[in-house]
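Heads up: the structure comes next, in structure tokens.
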Amino acid sequence: MVKLVVVLFWMQSTVFFTANAQERFGLGIQGGRSVVIGETLPTSMPLMGFNAKGNGGANISVYLRYRLSENLGALAGGGINSLIPSGRFMNADTGGKLPGKQPHFFAGIDYDLQISNSRFGFLPKLVLGFTGNPQERKHRNFISEKGEIFQLHGVSVPNSSVINIHYLYLHSLQTHGSKNNIIFHVRPEIALYKNVGKHRILISGMYGYALGDDYYVRNYKELSYREERYNSVHRFKGSYYALILGFEFGF
């Protein structure tokens with residue numbers, strides 16, 4: 001009789017623990033677009049309209065979330081992230097891009113703020129992560145007295161063909177950046193979610209603040225445009241922002 005009671009108690013405890021653990025886990029998949037943040041530094045002869053600009057790239061990840069309490073959760077995952085520095089002059093992108101998609105891993109905590117008794121709520125997160133840091137084409141020096149055509153800019157008038165074309169020439173360029181294989185980020189996020197049964201749809205905004213050395217710097221030591229000489233420095237710390245859409249399976 002005692003053995004039967006022990007077996008029944010063990011079976012009941014196992015079922016309760018399994019059910020409780022299952023309710024605590026979530027498996028999520030999310031995807032969206034990251035944009036690395038560029039900064040145009042002051043120089044002695046700045047070229048107006050020539051600025052640092054981050055190009056958008058894929059941000060896709062899979063994560064596992066565990067509910068530590070009614071509101072507090074922990075998550076960890078990985079995928080790909082894209083930090084693509086570029087430039088912009090006269091409403092057109094310039095060249096000099098680095099390789100795009102890189103491996104990306106992260107872990108953090110979140111706090112569930114349900115809106116009253118509705119299926120909607122907010123999920124603020126604080127995440128620590130790192131992204132691969134490509135070295136290809138990052139460190140180079142270019143010098144040309146004659147100048148290399150960097151970009152052309154056509155000037156036109158209504159009901160007419162192009163009447164004048166100006167070229168932006170590159171004479172001297174030096175690029176450099178962090179030589180570490182990874183970039184660390186502190187990443188605050190805020191997500192708006194809707195519960196669908198045990199599952200959840202989320203839309204998130206995030207800001208990844210880069211730690212350590214500059215991710216990438218392009219020092220245009222000498223440019224010429226319309227027979228005038230200029231210089232410019234485009235700095236990319238490695239910080240980025242992203243807009244993400246996700247779906248979390250509860251089990």
Side-chain angles (χ1 to χ4, degrees), residues 8-37 54-84 99-133 182-211 238-251:
L8 290 174
F9 177 77
W10 176 81
M11 291 176 63
Q12 184 179 8
S13 300
T14 302
V15 170
F16 173 79
F17 175 79
T18 302
N20 190 52
Q22 287 178 338
E23 291 175 358
R24 290 179 177 269
F25 281 99
L27 177 65
I29 181 170
Q30 58 186 18
R33 187 175 179 86
S34 290
V35 178
V36 67
I37 299 170
N55 280 9
N59 184 322
I60 302 172
S61 60
V62 176
Y63 65 89
L64 184 66
R65 180 172 180 266
Y66 181 74
R67 185 163 58 85
L68 299 169
S69 65
E70 183 177 356
N71 299 102
L72 187 65
L75 69 154
I80 59 172
N81 194 12
S82 304
L83 304 178
I84 308 175
K101 302 177 185 66
Q102 298 295 319
H104 173 59
F105 300 94
F106 57 89
I109 57 174
D110 58 40
Y111 195 82
D112 194 336
L113 299 172
Q114 188 176 5
I115 300 175
S116 186
N117 294 320
S118 71
R119 294 182 294 172
F120 294 89
F122 293 98
L123 195 67
K125 306 177 187 180
L126 183 60
V127 175
L128 297 177
F130 61 87
T131 299
N133 182 12
I182 57 177
I183 300 176
F184 289 95
H185 291 102
V186 177
R187 197 177 80 193
E189 303 180 26
I190 183 68
L192 173 66
Y193 70 79
K194 178 183 179 181
N195 290 325
V196 183
K198 295 192 300 181
H199 313 306
R200 178 173 285 183
I201 301 171
L202 308 96
I203 182 168
S204 307
M206 61 180 67
Y207 171 71
Y209 178 77
L211 304 174
S239 301
Y240 69 95
Y241 61 88
L243 185 64
I244 303 293
L245 182 64
F247 190 87
E248 185 178 305
F249 299 90
F251 60 93

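Everything numeric here is computed off the predicted structure, so don't read it as measured data.
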In terms of ring plane angle, is the pair H199 and F247 parallel, tilted or perpendicular, where the classes change at 30° and 60°?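 Tilted: the ring planes of H199 and F247 meet at 30° to 60°.
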
Got a donor-acceptor contact below 3.5 angstrom from the [X] side chain to the [Y] backbone?
X	Y	value
S82	A58	yes
S239	A210	yes
R24	Y66	no
S118	F120	yes

Closest non-hydrogen atom pair, [X] against [Y]:
X	Y	answer
L68	A74	CD1-CB, 4.1 Å
G54	V35	O-CG1, 3.5 Å
L27	V62	CD1-CG1, 4.1 Å

Decide yes or no for [X] and [Y]: does some side-chain heavy atom of the first lie under 4.5 Å from some side-chain heavy atom of the second?
X	Y	result
L75	F106	yes
L202	E248	yes
L123	D112	yes
Y209	L211	yes
V186	L126	yes

Spacing of [atom1] belonging to [X] relative to [atom2] belonging to [Y], to within rounding of 0.5 Å:
X	Y	atom1	atom2	value
I244	I203	CD1	CD1	9.5 Å
L245	N59	CG	CG	12.0 Å
E189	Y241	CD	OH	16.0 Å
H104	S34	NE2	OG	7.0 Å
F130	F184	CZ	CZ	6.5 Å
F122	L192	CZ	CG	5.0 Å

Could you check, using the six-membered ring where one of them is a Trp, whether H185 and Y240 have ring centers closer than 6.0 angstrom?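 That pair passes the under 6.0 Å test.
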
Residue Y207 excluded, over 12 heavy atoms near OH under 6.0 Å: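 It does: Y207 OH has more than 12 such atoms within range.
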
Among I80, T131, N81, which residue satisfies the side chain to side chain contact (heavy atoms under 4.5 Å, CB included) criterion with Q102?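 Between Q102 and the candidates, side chain to side chain contact (heavy atoms under 4.5 Å, CB included) is satisfied uniquely by T131.
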
Answer yes or no: is there an ion pair linking D110 with R65, defined by an N-O contact shorter than 4.0 Å?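 A salt bridge is present here (some side-chain N lies under 4.0 Å from a carboxylate O).
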
